[in-house]
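Notes for the one structure printed next.
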Amino acid sequence: PPRQTCGTSRTAVNVPVTIEVERGTASCPLAMRIQSHYTGLVRSGRVPGNGGGAPVKVDGWTCQGTDTTTTVQTGEASECRRGSTQIIAVLNLKGSGSGS
């Protein structure tokens, strides 16, 4: 099924991403809130693992950064899951330019 695109955000290291509901049902405001909360935890250093790669609970969701190989192959930087619902942050390289 097609992804539901919810909006744009930035990773903990300020890389632009598009937030999408990959599977299942979640409202866009919820998807954006969960991703924002997860990014804040990574940015603050409260997620264990290399670059915050370990799974962490965010309001009943399990969020985790993807490994480098997956990110390079799919563009997916992180995912949050609850049951069969999956929210992903996909690299938005079009939005990464400085405009100069």
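Just so it is clear, the structure is predicted and the values come from calculations on it, not from any experiment. Below, each value reflects all heavy atoms present in this structure, side chains not excepted, and no hydrogens, waters or symmetry copies.
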| Atom CD1 in I34, atom OG1 in T62: separation rounded to 0.5 Å? | 10.5 Å
| query | So do the side chains of I87 and Y38 get within less than 4.5 Å of each other, counting heavy atoms only? | reply | no
| Is there a side-chain contact between R23 and R81 (heavy atoms, below 4.5 Å)? | yes
| Taking side chain as C-beta onward, heavy atoms only, is T8 less than 4.5 Å from I19? | no
| remark: CD1 of I88 to CD of E76, rounded to nearest 0.5 Å, is 4.0 Å
| Nearest heavy-atom pair of S44 and L41: which atoms, and what distance? | OG-O, 2.9 Å
| field | Full working for side-chain hydrogen bond (donor to acceptor under 3.5 Å, both in side chains) between S78 and Q35 | value | CA-CA 9 Å; S78 66; Q35 187 63 39; 3.1 Å; yes
| message | Is any side-chain heavy atom of C80 closer than 4.5 Å to one of Q86? | response | no
| query | Are the side chain of S36 and the backbone of M32 linked by a donor-acceptor contact shorter than 3.5 Å? | reply | no
| query | When you measure from the side chain of R43 to the backbone N and O of T11, does any donor-acceptor pair fall under 3.5 Å? | reply | yes
| said: I'd like to check T71 versus L91 (side-chain heavy atoms, cut-off strictly below 4.5 Å). Are they in contact? | reply: yes
| query | Between V90 and V42, is there a shared hydrophobic cluster once you connect ILVMFWY residues whose side-chain heavy atoms come closer than 4.5 Å? | reply | no
| said: Is the shortest side-chain heavy-atom distance between C6 and V21 below 4.5 Å? | reply: yes
| Within one Ile-Leu-Val-Met-Phe-Trp-Tyr cluster: V17 and V47, side-chain cutoff 4.5 Å | yes
| said: If you apply the rule side-chain contact (heavy atoms from CB on, under 4.5 Å), what do you find for R10 with V15, and how did you get there? | reply: CA-CA 5 Å; R10 296 209 172 244; V15 175; over 6 Å; no
| Heavy-atom side-chain contact between Q4 and C28 under 4.5 Å | yes
| message | Restricting to side-chain contact (heavy atoms from CB on, under 4.5 Å), what partner residues turn up for V72, sequence neighbours left out? | response | T68
| query | Could R82 and D59 be called an ion pair, given the rule that one side-chain N must be under 4.0 Å from one carboxylate O? | reply | no
